[in-house]
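Residue numbers start at 1 and run along the sequence shown.
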Amino acid sequence: MVILVIAAINIYIDFKARDFLFDHANAIPDNTYALVLGTSKYVVGGGKNSYFESRMKAAEQLFSANKVDTIIVSGDNREDNYNEPKRMKQALIELGVPEGLILEDKSGTKTDFSIRYFKNKYPGQGVTIVTQKFHNQRAVYSARKNGMNAVGFNANDIGFLRDKKTHVREWFAKVKAFTL
């Protein structure tokens with residue numbers, strides 16, 4: 001029974017978000033702001049994080065296609081040696097996005113915090129959320145549930161088989177988003 005409830009909630013959230021998710025920059029509506037959800041630049045044990053790389057490329061694509069004017073990088077920076085917004089900003093600069101058009105949200109330790117920060121800091125503004133589709137489904141659902149005009153731009157995913165843990169964790173995060 002529990003598995004059926006989890007599956008039903010996931011299907012519901014995916015259905016509610018589907019019309020607001022985009023895979024191609026030329027198809028997405030223009031927005032002043034992009035909100036890039038944080039992730040570590042490196043994986044545990046070393047090596048580059050594919051989620052990070054894909055999100056930075058997706059944000060740059062939106063900017064280059066003139067679909068957003070300003071990029072907000074939101075993430076965790078609770079420790080001196082770990083600062084997701086700073087690393088995301090640096091990566092975007094390296095991809096050619098002007099530094100002055102990248103803002104840092106250092107309160108984004110969770111998806112919900114990033115969304116609330118944006119809603120409170122830029123009330124009434126539309127936003128394009130940038131992350132992988134499985135994550136964007138929840139992020140856009142939560143934003144729209146909270147009265148925001150949000151769409152999602154899907155960064156490339158590495159797939160369920162390469163990262164089962166993250167994908168399964170997201171199933172439970174969607175249940176939490178549904179109940180809040």
Show the nearest heavy-atom pair for residues F52 and R87, with the distance to one decimal. CZ-O, 3.6 Å
Any side-chain heavy atom of N77 within less than 4.5 Å of one from Y82? no
Could you go through K133 and D157, starting from their C-alpha distance and side-chain angles, then the distance that decides it, and tell me whether this counts as side chain to side chain contact (heavy atoms under 4.5 Å, CB included)? CA-CA 7 Å; K133 182 178 182 178; D157 189 3; over 6 Å; no
Working for side chain to side chain contact (heavy atoms under 4.5 Å, CB included), residues D69 and L101: CA-CA 7 Å; D69 301 321; L101 301 179; over 6 Å; no
Flag yes if more than 12 heavy atoms outside F15 fall under 6.0 Å of its CZ atom; otherwise flag no. no
With rounding to the nearest 0.5 angstrom, report the CE to CD1 distance, M1 to I3. 11.5 Å
Is it the case that the side chains of D105 and S74 hold a donor-acceptor pair, with the cut-off being a distance below 3.5 Å and no angle test? yes
Is the shortest side-chain heavy-atom distance between I71 and V97 below 4.5 Å? yes
Please determine whether the number of non-hydrogen atoms from other residues, nucleotides or ligands lying under 6.0 Å from atom NZ of K16 exceeds 12. no
Which pairs of donor and acceptor atoms, one on a side chain in residues 20-37, lie under 3.5 Å apart (sequence neighbours left out)?
from	atom 1	to	atom 2	distance (Å)
D23	OD1	N154	ND2	2.9
D30	OD1	K67	NZ	3.3
N31	ND2	V127	O	3.3
N31	ND2	T128	OG1	3.0

Kindly compute the distance separating CD (E53) from CG (L95), expressed to the nearest 0.5 Å. 8.5 Å
Identify whether the distance between the nearest side-chain nitrogen and carboxylate oxygen of D112 and K110 falls below 4.0 Å. no
Going by atom type alone, with no hydrogens or angles, which donor-acceptor pairs under 3.5 Å involve a side-chain atom of residues 170-179 and a protein atom two or more places apart or on another chain?
from	atom 1	to	atom 2	distance (Å)
E170	OE1	R138	NH2	3.0
E170	OE2	R138	NE	2.5
K174	NZ	D14	OD1	2.7
K174	NZ	Q137	OE1	2.6
T179	OG1	V175	O	3.4
T179	OG1	K176	O	3.0

So, do N146 and K119 sit near enough that their side-chain heavy atoms are less than 4.5 Å apart? yes
Side chains of Y122 and I72: closer than 4.5 Å at any heavy-atom pair? yes
Taking all atoms of both residues into account, what is the closest heavy-atom pair of G126 and F118, and its distance? O-CZ, 3.7 Å
Interatomic distance, T131 atom OG1 to R55 atom CZ [nearest 0.5 angstrom]: 3.0 Å
Indicate yes or no for a side-chain donor-acceptor contact from N136 to the backbone of Q132 under 3.5 Å, with no hydrogens or angles considered. no
Determine whether V43 and F134 fall in the same hydrophobic cluster, where Ile, Leu, Val, Met, Phe, Trp and Tyr are linked whenever their side-chain heavy atoms lie under 4.5 Å apart. no
Taking R144 for the side chain and N149 for the main chain, is one N or O donor matched with an acceptor at less than 3.5 Å? no
Do I6 and I11 belong to the same hydrophobic cluster, where Ile, Leu, Val, Met, Phe, Trp and Tyr are linked whenever their side-chain heavy atoms lie under 4.5 Å apart, directly or via other members? no
Y12 with V2, same ILVMFWY side-chain cluster at under 4.5 Å: yes
Answer yes or no: is there a side-chain heavy-atom contact under 4.5 Å between V140 and V151? no
Output all residues satisfying side chain to side chain contact (heavy atoms under 4.5 Å, CB included) with E104, sequence neighbours left out; order by chain, then residue number. V73, N83, P85, K86, K89, K106
Would a hydrophobic clustering, with Ile, Leu, Val, Met, Phe, Trp and Tyr connected at side-chain separations under 4.5 Å, put Y141 with I129? no
Taking only residues two or more places apart in sequence, or in another chain, which ones meet T39 in a side-chain hydrogen bond (donor to acceptor under 3.5 Å, both in side chains)? N49
Within one Ile-Leu-Val-Met-Phe-Trp-Tyr cluster: V168 and I13, side-chain cutoff 4.5 Å: yes
Given side chain to side chain contact (heavy atoms under 4.5 Å, CB included), test Y51 with H135 step by step and report yes or no. CA-CA 11 Å; Y51 293 121; H135 186 200; over 6 Å; no
Pairwise side chain to side chain donor-acceptor pair (under 3.5 Å) hits with a residue in residues 91-101, at least two apart: Q90-E94
Excluding sequence neighbours, so at least two apart, what forms side chain to side chain contact (heavy atoms under 4.5 Å, CB included) with K165? D163
Distance (rounded to the nearest 0.5 Å) between F113 CZ and S107 OG: 8.5 Å
